[in-house]
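In listed order, ligands and their atoms are each counted from 1.
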Amino acid sequence: MPVEVLEEARENMLSLGETGIGVMEHSHRGKPFVAVAEEAEANCRKLAGIPDDYDVLFLQGGASSQFFMIPQNFLEQGKTADYLVTGSWSKKAIKEAKLLGSTNIACSSEDRNFCYIPKDCNYSDNSAYVHFTSNNTIFGTEFASEPEVPEGSPLICDASSDIFSRPLDISKYGLLYGGAQKNLGPSGVTLVIIRKDLVAKGPSDIPAMLQYRTHAENDSMYNTPPTFGLYTMGLVFKWILDNGGLEGMARHNAEKAKPLYDYLDQSQLFKPTADKDSRSLMNVCFVTGDDTLDAKFVSESKAAGFDGLKGHRSVGGMRASIYNAFPKQGVVDLVSFMKDFESKNS
Ligand SMILES: *Cc1c(COP(=O)(O)O)cnc(C)c1O
C-alpha cells in the first residue's frame, strides 16, 4: 500500500476524523462510517468509469469465495460455464464450478506450464458465462485485452492481481472481481463490480449471503462489512485518483516493468519465464536455469533488502511483484543488484 495511505489509516485507526472513535470502532450503520463507505464507492465509480447499471459490492471471503459464488448464481442447468485456464487461480475457479454444474475448458496454457496467454478459445454452444483471470499472479502472464465472448454470454473476470493497474472498459464485463490485497489495499475485502441484470437473474433459493442480490440491495451492509478494509480501500481509490487515475497507474506500471524486462532480455544469466507477448506488468518471473543459483540469488537479494523475491513453488526461480503502490526506484535498485550478481556469478 502507498505510504501516504498507511499514514492516513494510522491516524484514523485511533480517531476517524474528529469523531474521537477509531474507524474500526464505529458502528457500520452510524453516519460517520456510512459516509466512508459511500465515498469509497463514489471514488471507485469515478476511477473506473463504472456505468449506472452496475453495482459495486464490498464482500468478504476473498476472491476464492467468488470462485463458488459465481457458478452458484449463474451456472444454470442445461448450460455450460466456459473457463480460460491460464494458471493456478483459474484452475481453482473451474474446480469449484465443476462441483455445481457443467464446465468447459475453453483454452488452456497448461501444456507449457502456463507461460503464455492462448490466442484462441473453443466455447460451448450454451455458454452460461465466460470466466478468465486477467493476470496470472504466479506465472507472470497477463491478458493484453479482454477475450471475445459468445453473444449473450457474460464475461466474468478474476482481476485480483491487476485490478485498477490500467484503464478498463467495465461495459465489456458482466462481473469483475478482485481481492483487495494486491492492488487495492488490505486483505479481507473483495471488490465485486456486477451488472444489475445479473444481480436480478441470480436464484433466490440459495443462502442469503451467497446471493449477489442480498449485498446489492443492502449496499454491502446486509451484515457487518469488513470496515477497516473498506475504509482503507477507499483511501487507495483516492490515492489512485490523485496519481493520474487508471491512465496514471498504467504509465507508472509500464515505466516500472520496462527496466526489469529490458535487463532480462539481454542478460546472459537470468531469463524471463513468460512468453514476450504474454508478459505481466505486475509479476515479473525469471530464472537462472540452475536451482542452486536461484536459491543463492534469493538469499543474497534478501540480505541486501529485497525481500519476497522467491518464486512460487510451481514455477521456481524468482518473482518480482510490482503492484500499483510499488515505487519505480525499487525496480531500478533491483536491476542494479541483479547486474552486480550476474557479473559475480557468470
Ligand atoms: C491472490 C489471488 C487470488 C486469491 O485471492 P483471495 O482473496 O486470497 O481468495 C485469486 N485470484 C488471483 C488472480 C489472485 O492473484
| note | Cluster membership besides Phe286, Ile/Leu/Val/Met/Phe/Trp/Tyr side chains within less than 4.5 angstrom, sorted by chain and number, is Leu260, Tyr261, Tyr263, Leu264, Leu269, Phe270, Val284, Leu293, Phe297, Val298, Phe306, Leu309, Met318, Ile322, Phe326, Val331, Leu334, Val335, Phe337, Met338, Phe341

| task | Sort out the contact shell of ligand 1: every protein residue with a heavy-atom distance below 4.0 Å, listed by chain and number. | result | Gly62, Ala63, Ser64, Phe67, Trp89, Thr133, Asn135, Thr137, Asp158, Ser160, Ser161, Gln181, Lys182

| task | Would you check if His26 and Thr227 make a side-chain contact, meaning some heavy-atom pair closer than 4.5 Å? | result | no

| task | On the 0 to 90° scale, with breaks at 30° and 60°, tag the His215-Tyr222 ring pair as parallel, tilted or perpendicular. | result | perpendicular

| remark: Smallest heavy-atom separation, Ala37 atom then Leu230 atom, equals CA-CD2, 3.8 Å

| said: Regarding Arg45 and Glu41, does a basic nitrogen lie under 4.0 Å from an acidic carboxylate oxygen? | reply: yes

| task | Return the orientation label for the Phe237 and Phe58 ring planes: parallel under 30°, perpendicular over 60°, tilted otherwise. | result | tilted

